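Remember, it's a predicted structure, so these values are computed and weren't measured experimentally. Counting starts at 1 for both ligands and their atoms, in listed order.
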Amino acid sequence: MKKYISIYDIENVTETIQEALILKKNPYNYSDIGKNKTLVMLFFNASLRTRLSTEKAAKNLGMQVTTLNVTDAWNLEFENGITMNLNAAEHIKEAALVISQYADIIAVRAFPSLIDKEKDESEYVIQSFVKYATVPVINMESATKHPLQALADAITIEELKTIEKPKVVLSWAPHPKALPQAVANSFVKMMQKLNVDFSITHPKGYELNSEITKNIPICYNQKEALKNADFVYVKNWSSYESYGKVLHQDSNWMITKEKLNTAKFMHCLPVRRNVVVEDAVLDGEHSVVIQQAHNRVFSAQIILKKVLENL
Ligand code: CP
């Protein structure tokens, strides 16, 4: 694997999930593959799971890990041909090349502005690293994608499914802040690759990018959509059409124990209790969010292994 920017960089999703599950059983089987190799992780935004799970994954493979919170470094300029007489002290061209001197793999987290849709969709931060770095780049959540999360989600569904083709529902939930569509986008793309009966439910106005949701059934009635679900993946996202706007925070869309019934509750975390989901669900027997978070290690580990094998 040359890079991991989108789930489409995985050649065979089904095989990769199985490989990740084998790694989960024996996480130190390839503890020499990353010897004398360094992963540099760059965070433009906060993280708990991605940072710790990716570091753990790299160390399981014998890699060294260096982490930089980019807010502690020089402000970067991403535009070409610009006169840099404002805040940015360093251009991405030098920065990416310099980081490449210290890294065998660069991993980047950079959220969208949620103000300028075109700019966000250009994925200029992560794509600039792909363009100017001389080593492979891994996406730790970009403006429109969270492919490591989506792979962990797929691994979790594979582990827990009790029927060949489970019913999986992605449900929007309320949130006080404007959040990106990245997790939902990558989850939708991943579900299109799996043998699942998949649908999406959200209030009107919260449609995701139709190029991503394509032929997937969308139901505006959450109760109807959740009927007989095996897995309910809950996530807030801000409006795509009215880009980055919180149209409303209708608490009727919060996930309750009653609505969930016997389905497994999935969420990428962090999650706001009693806003997105009630305590009884998170503390109940059907929540699989900790297992999902655990699987972030093996999602990152299988991707790093594939990238290391190609160095
Ligand atoms: N799910 C996830 O990406 O968590 P963090 O934002 O804490 O990394």
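- Residue Pro270 places no N or O, backbone or side chain, under 3.5 Å from any N or O of ligand 1.
- A parallel orientation is assigned to the rings of Phe265 and His267, their planes being inclined by less than 30° (bins at 30° and 60°).
- The residue Met140 has no part lying near ligand 1, judged by heavy-atom distances below 4.0 Å.
- At least one side-chain heavy atom of Val168 sits less than 4.5 Å from a side-chain heavy atom of Phe198.
- The six-membered or imidazole ring of His248 lies near that of Trp172, with a centre-to-centre distance under 6.0 Å.
- Here the protein heavy atom with the shortest distance to atom 7 (O) of ligand 1 is Leu48 N, 2.7 Å.
- Listed by atom number, the atoms of ligand 1 under 4.0 Å from Cys268 heavy atoms are 1 (N).
- On a distance-only criterion, Ser47 and ligand 1 share at least one N/O pair closer than 3.5 Å.
- In summary, the side chains of Asp279 and Asn274 do present a donor paired with an acceptor at a separation below 3.5 Å, with no hydrogens or angles considered.
- Only the backbone of Leu269 comes within contact range of ligand 1, with a heavy atom under 4.0 Å; no side-chain atom does.
- Here the shortest heavy-atom distance to atom 2 (C) of ligand 1, taken over Gln292, Arg51, Arg296, Glu141, belongs to Arg296.
- Using modelled atom types, one finds no donor on one side chain facing an acceptor on the other under 3.5 Å when comparing Thr144 with Asn185.
- In this structure, the ring of Tyr233 has its center less than 6.0 angstrom from the ring center of Phe187.
- For the side-chain hydrogen bond (donor to acceptor under 3.5 Å, both in side chains) criterion with Lys24, the lone passing option out of Gln301, Glu19, Glu159 is Glu159.
- Evaluated by nearest non-hydrogen atom to atom 6 (O) of ligand 1, the leading choice among Gln149, Arg109, Arg49, His267 is Arg109.
- Within the 4.0 Å heavy-atom cutoff, His146 counts among the residues contacting ligand 1.
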